[in-house]
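Just below is one structure, and these are the notes that go with it.
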Amino acid sequence: MAIVLFFPTLIHDLFVQPDEEDLGRHLMTWEFGQAFRHLPRLLSSLAFKTRTLEEQLHQSMLKGNLRRSFTLFDLIMIGTGLVVGSGVLIVTGEVQGQLAGSATFLGYALIGIPLLAAAACYAEFSNEYPVAGSAFTYALATLGEYPAAIALGFLIIYYVLGEGAVARGLVAYFGLMCNVPLSDLIVEVNGVTLDFLAFAFVLIMTVALCFGMKESSLFLTCANITALFFFIFTGIAAFAKSRADYFTDDFLPNGADGLFQSFAILAFSYTGFDAICNAVEEARDIRDTPKAIMSTVGISGAIYIFLSLSLSFLVTVQELQACSDTVTGNPVPCSAPGSARAYEDAFVYGFTLRGLGWMQYIVALAGVFAISTTLLVGLYSGARTLMVGAREWMLPPIMSDISARTQTPLVAQIIMGIAAGVFALFISYGDLAQLASFIYLATLWLVCNAFLARRYYPDIKLKYTQYGTVEATPGRFQNFGLGKIQHKMTKKTHRLLVWAHILLINGVSIGCGIFYRFTRRLDSIYFVVAWFVLTLSMLILCPLEYEPTSWKVPSILLPWVPSFAILAIIFVCSDLPDFVYTYSLCFFIGVSLVYIFFSLPLSYVRRFTSSRNTDDTRVVELVFNNGKWVSVDVLMSQSSGNSLTERGSGDLHSIHSFPTSILQSHRSYSKTSSHLWPESSMDRTESSPHRTPTSAAEFMSPLETITDKSLATDDTEHT
């Protein structure tokens, strides 16, 4: 009833200009309504407008700092904690029993190559853009708001669905460890299975994260190292009972087609290395993030290949296609209650057949610890994604609030935990792995395209330096080409060439995937040849516009690395079940509608009202003195000229250090007026003073005066 009564009031505030008394309270709501009325104009002007690195760093400063406490080891633990537990014990047996046989290790190695290439793109971006948000941040800085909104929506869906499914998997291994049937751990109500234990696991992890990730890092490190130890022990025990003929007889039972089909499933095991990108604002040294990303993919790939090889020497494909008891692992008829296909718990079944039934508990412990770290890091990374989306006003800004006590995004963390917990309560693991894999691979594909645009698109490039400043780089770095032909091209021609090559590379890659999906013929090699020619053409005709000075993908490998990642990711995504494309299309439409009708107007309000708040915001430097934070100005007046560097006066944290790896900033913002709504920045000239409007009639909506200058391109702004 309250919502029904509130609805007319909301409509009034959105579309009726506020009077003088309500100007301060309802002005932003009215601006949102004005933007909502001009959606077509906003869509054409802002959908592909990028945000500069300086703008993103400014927004992160305004919302408060996260605690910078992660070392290189911590970042690697975060990456492997999310990646290694992503279903390796389940996925390996499924692929070996149904698709690739003992060649599963080859599938892990081959799919790891393009994912390593994509990880290299992420690594370079993380060093250039030390802002959380992963694919959303990188797309926002290079491709524009709408592609970034799609990335944001897909990442949120991935974390909510993925962590819900992971929590269900944790319950399954918890039951295996306790020797309790899964049916005893879930409740069935009117045909719907409810997993309250999974819901409880999610809530426990969420509460722990609300106190800070550093406080949870000890559990993460111990659990991760324990899981890795049990994984290695499991592999060694499997090799101890190995037979060479199991491996040779079952190599590629379905031919190359079975290996190709396994790529889409095996890719799910590598998902999650972008969690390190979401931890960049909490890293002591941002130069550690590329090393952590590449190390995570390398360590994960080595563990996967080791485990898949050990399983292929332990059990045959025919044995994996039988059925086993979900608790004891003993062979049973497929019609027996509590039975499942043996490949769903391949290691337990294999050890039971070879007389090592006690290994059930070792495998269960490995699963519990590995999936616990996956759940913990996934909830952490998802909350940071929500925080950055809200910080850029793509989501309600309240989600970006940082707790002054714990230095964590409490609102975002609680929302992520509740959403993932609800999904864990109602939705089983099932086919969510393939859906989550497709959604995640779509964000990887977007980042690889953004990487090509950043390196090749002629524009002024902004980068973050080791001194905590933003530096512009307008120069051109040519790697290989046709000499003078490149220098004779106009900027417009150069831009068209770059976009033409990017679009053609993607088009040929899509054609390759579709052709192979429907024909299952190796004639798709012609598409690969076309891809090679187009990539070579980009190398020759498009000069390399930008080259980072810190960690980077070597120029000699460009544009091959991102181009190959695009081809491989699209090929992998083209061989998934039909329901994955149906659901993903629905998600895409839903995210697009949310962007058009909510994020776009909100982005407009943020873009054209933030300048008013900025000029009325005073940054106050604080020092820690006698157990509390005190304003520098106050302390200076009290100290009568005493040096702040003396013992007992506290450490001064400079606001100019954000977000360097040495100092941590502490800020407080005080408003110089009670109303933060001076006249529109679009109506002001340089000579007009900043002041608060005294009447509603005096305030004019910026939408009424939109000009080409106000919605200028980034080139104009940089100039």
Side-chain angles (χ1 to χ4, degrees), residues 1-4 85-87 89-91 94 156-210 268 323-329 332-345 348 360 364 367-368 370-372 374-376 378-379 382-383 386 413-437 439 577-580 582-584 586-587 590:
M1 180 62 68
I3 297 177
V4 175
S86 300
L89 295 176
I90 300 175
V91 168
E94 180 182 352
I156 293 173
I157 293 170
Y158 164 74
Y159 282 117
V160 171
L161 292 182
E163 299 316 304
V166 164
R168 282 282 185 120
L170 178 59
V171 172
Y173 277 98
F174 182 78
L176 184 64
M177 182 181 65
C178 299
N179 208 25
V180 176
L182 182 60
S183 57
D184 293 347
L185 300 176
I186 60 177
V187 178
E188 186 170 346
V189 179
N190 296 328
V192 178
T193 58
L194 301 178
D195 197 331
F196 290 98
L197 189 57
F199 182 75
F201 282 148
V202 173
L203 291 188
I204 291 172
M205 296 293 184
T206 301
V207 171
L209 288 170
C210 287
F268 178 71
C323 292
S324 64
D325 187 88
T326 55
V327 177
T328 63
V332 295
C334 292
S335 58
S339 65
R341 289 290 180 181
Y343 58 71
E344 295 181 10
D345 214 347
V348 173
Q360 162 191 335
V368 167
I371 297 176
S372 295
T374 298
L375 184 60
L376 181 70
L379 292 172
L386 285 177
Q413 192 66 70
I414 293 171
I415 291 175
M416 175 57 62
I418 293 175
V422 170
F423 271 89
L425 182 63
F426 291 100
I427 299 177
S428 60
Y429 188 85
D431 294 318
L432 285 182
Q434 291 179 314
L435 179 59
S437 178
I439 292 174
D578 293 338
F579 82 92
V580 173
T582 303
Y583 287 172
S584 299
C586 293
F587 290 150

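From a predicted model like this one, the values you see are computed outputs, not experimental measurements. Just so you know, these numbers use all the heavy atoms, side chains as well, and skip hydrogens, waters and symmetry mates.
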Student check: side-chain heavy atoms of Thr193 and Val187 closer than 4.5 Å: no
With sequence neighbours excluded, residues passing side chain to side chain donor-acceptor pair (under 3.5 Å) with Asp578: Arg517
CA sep, side-chain torsions, deciding dist, call: Ile415, Leu386, side chain to side chain contact (heavy atoms under 4.5 Å, CB included): CA-CA 9 Å; Ile415 291 175; Leu386 285 177; 4.2 Å; yes
Atom pair CG/CG of Leu203 and Leu425 - distance to nearest 0.5 Å: 9.5 Å
Inter-residue atom distance Thr206.OG1 - Leu376.CG, 0.5 Å rounding: 9.0 Å
Ring geometry between Phe587 and Tyr583 (parallel below 30°, tilted from 30 to 60°, perpendicular above 60°): tilted
Interatomic spacing from CZ in Phe426 to CZ in Phe199 - rounded to 0.5 Å: 9.0 Å
Backbone of Phe423 reached by a side-chain donor or acceptor of Arg168 within 3.5 Å: no
Heavy-atom side-chain contact between Leu185 and Asp195 under 4.5 Å: no
Flag side-chain contact, heavy atom, 4.5 Å: Leu435 against Phe268: no
Pair Met416-Val160, side chain to side chain contact (heavy atoms under 4.5 Å, CB included): steps then yes or no: CA-CA 7 Å; Met416 175 57 62; Val160 171; 4.0 Å; yes
Contact summary for Gly421 and Val202, nearest pair of heavy atoms: N-CG1, 3.6 Å
Side-chain heavy atoms of Leu375 within contact of Leu170, under 4.5 Å: yes
Residue pair Val207 / Ile204, side-chain heavy-atom distance below 4.5 Å: no
Side chain to side chain contact (heavy atoms under 4.5 Å, CB included) assessment of Asp345 paired with Tyr173: CA-CA 10 Å; Asp345 214 347; Tyr173 277 98; 4.3 Å; yes
Non-hydrogen atoms of Ile414 and Cys210 that approach each other most closely: CG1-SG, 4.0 Å
Sidechain-backbone polar pair: Gln360 side chain, Leu176 backbone, donor-acceptor under 3.5 Å: yes
4.5 Å side-chain heavy-atom contact, Gln413 and Leu379: yes
